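The shown structure was predicted, so the numbers you read here are calculated from the model rather than taken from an experiment. Each chain gets a letter, A, B and so on, in the order its sequence line appears, and its residues count up from 1.
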Protein chains: 2
Amino acid sequence: MEPLTTEQKIIEAASKLFSRKGFAATKTREIAEEAGINLALLNYYFGSKENLFKGVVKEKLRMLLEAMIPILSDAKVPLDQKIATIARNYTKLLLENEELPIFILNEWSVNKELFVDITRNARLFTMPVIQEQLKEKGITTNTADFIVNILGLVMFPFVAKPMITSSGLVKEEEFADFVKRREGNIVEWINKINA
Amino acid sequence: MEPLTTEQKIIEAASKLFSRKGFAATKTREIAEEAGINLALLNYYFGSKENLFKGVVKEKLRMLLEAMIPILSDAKVPLDQKIATIARNYTKLLLENEELPIFILNEWSVNKELFVDITRNARLFTMPVIQEQLKEKGITTNTADFIVNILGLVMFPFVAKPMITSSGLVKEEEFADFVKRREGNIVEWINKINA
DNA sequence: GTCTATAAGGGGATAGAC
DNA sequence: GTCTATCCCCTTATAGAC
């Protein structure tokens with residue numbers, strides 16, 4: 001258990017605050033305070049607020065995509081197992097990082113230029129693999145719907161959490177159980193949709 | 001076709017900019033310029049940036065909820081028709097206001113206090129009605145899942161649009177057709193899930 | 001590498017003339 | 001109701017001592 005370096009302390013503080021409040025609402029002074037370091041050090045290590053933000057976004061986006069891309073694009077993994085694994089990965093990841101999807105999707109929506117940079121040269125989804133696997137099983141659902149349905153069923157509860165809880169649909173303290181129960185149902189739901 | 005009043009011009013400009021960029025990233029000077037009015041008038045009419053923002057959020061939230069609450073809570077409307085109507089309402093509304101759900105859900109996540117105010121005294125969903133209707137039809141899916149599934153299947157494509165299009169999953173110019181095709185499938189999908 | 005001090009400008013808000 | 005001019009705080013960023 002090494003103590004964190006100054007650079008790591010800044011990254012962690014920035015990651016936490018940017019995720020919660022977005023770029024514009026987060027002040028460099030807050031990041032410095034949260035990290036327990038001096039404001040000048042932030043610029044010493046990262047040059048600018050924007051540069052630090054890009055680093056955070058890149059890392060968060062990586063987390064979000066790694067729970068999905070390698071699995072979807074592996075032709076050796078059968079469809080059922082893909083669905084189950086993605087549901088499991090995301091439920092775990094998002095329970096530990098509840099703001100992750102709304103943060104990334106919102107920043108992507110607000111600041112598209114930033115993501116052009118980051119996702120350039122990176123084909124995010126490997127559609128051909130899924131397309132082939134759907135065809136093999138005689139499923140007529142198109143590929144985009146197949147993927148969007150899985151992601152929607154798994155991620156949407158986290159994206160809409162404030163609405164879901166404050167409406168009384170699911171109580172805040174039952175939310176974790178709610179999404180874990182859903183995780184167990186996703187494969188079945190998706191298979192029924194595709195039947 | 002009356003010309004817009006100054007107040008309306010400010011509201012429209014604010015609505016557009018807040019929706020696209022969020023509260024913190026939107027400058028009052030930009031709003032004034034977009035509205036073609038003087039900065040001082042913004043404060044003359046609305047008192048403060050925050051107050052103007054609250055007005056915009058209230059209106060956007062109303063749009064989002066009105067496409068759902070009255071239909072869900074009407075015991076005379078059968079389940080199938082509820083699903084179809086909500087799918088139709090949202091697909092139309094969100095095609096005309098693509099940033100609406102990500103804007104509201106993000107601001108709700110970032111600024112919960114604001115929404116406590118707005119949603120106080122407003123039970124958003126009337127779960128008992130749905131619960132009863134599900135029971136009548138012998139469906140065992142729980143109420144929260146039923147509602148979250150519908151909203152996820154309908155709204156998620158809009159929330160995740162930047163990711164979906166920039167990944168090549170759906171081309172930008174085909175996005176409208178993509179969600180319209182989904183609209184036609186939602187009732188069937190939800191019924192299969194609940195079977 | 002880390003600090004203090006401060007520059008430089010952006011931002012919301014208002015006073016007061018018209 | 002609408003404008004110009006301005007206040008004043010807050011923010012990012014940097015210079016320079018240690």
Trainee: Report yes or no: is the cationic atom of A:K54 (NZ for Lys, CZ for Arg) under 6.0 Å from the centre of the six-membered ring of A:F23, at an angle within 45° of the ring normal?
Mentor: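 Cation-pi check for A:K54 and A:F23: fails.
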Trainee: What is the distance, to the nearest angstrom, from the CZ atom on A:F46 to the P atom on D:dT14?
Mentor: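 Taking atom P of D:dT14 as the reference, CZ of A:F46 is at 15 Å.
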Trainee: Shoot me the first and last contacting nucleotide of DNA chain C against chain A, ordered 5' to 3', at under 4.0 angstrom to non-hydrogen atoms.
Mentor: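 Nucleotide range in contact with chain A: C:dG1 to C:dT4.
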Trainee: Starting at OH of B:Y44 and ending at P of D:dT4, how long is that distance when rounded to a whole Å?
Mentor: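 Nearest whole value for this atom pair: 17 Å.
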Trainee: Using the test ring pair (Phe, Tyr, Trp, His ring centres under 6.0 Å), find all partners of A:F115 that sit at least two apart in sequence or belong to another chain.
Mentor: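 So A:F115 forms a ring pair (Phe, Tyr, Trp, His ring centres under 6.0 Å) with A:W108.
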Trainee: Is a side-chain donor-acceptor pair under 3.5 Å present for A:S15 with A:K60?
Mentor: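 Their side chains do contain a donor-acceptor pair, which is all the 3.5 Å distance test asks for.
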Trainee: Once the angle between the rings of A:F103 and A:F53 is folded into 0 to 90°, is it parallel (under 30°), tilted (30 to 60°) or perpendicular (over 60°)?
Mentor: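 Ring orientation of A:F103 relative to A:F53: perpendicular.
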Trainee: Does B:L39 or A:T28 map to a spot on DNA chain D nearer the 5' end, using the closest nucleotide for each?
Mentor: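 Counting from the 5' end, the first nearest nucleotide belongs to B:L39.
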Trainee: Can you tell me which nucleotide in D:dT4, D:dT6, D:dT11 comes closest to the side chain of B:R29?
Mentor: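 The closest nucleotide is D:dT6.
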Trainee: Send over the distance from B:E33 CD to D:dT4 P, rounded to a whole Å.
Mentor: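 For the pair B:E33 CD and D:dT4 P, the rounded distance is 14 Å.
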Trainee: Rounded to whole Å, how long is the line connecting atom CG of A:L41 with atom C1' of D:dA13?
Mentor: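 Those two atoms, CG and C1', are 13 Å apart.
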Trainee: Scan A:T26 against the nucleic acid and name what it touches under 4.0 Å (heavy atoms): base, sugar-phosphate only, or nothing.
Mentor: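 Contact class for A:T26: sugar-phosphate only.
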Trainee: Minimum heavy-atom separation for A:E12 to A:L4, with atom names?
Mentor: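 Closest approach of A:E12 to A:L4, heavy atoms only: OE2-CD1, 3.9 Å.
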Trainee: About how many Å separate CZ of B:F156 and CZ of B:R182, when rounded to the nearest 0.5 Å?
Mentor: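 Answer for the CZ-CZ pair, B:R182 versus B:F156, is 9.5 Å.
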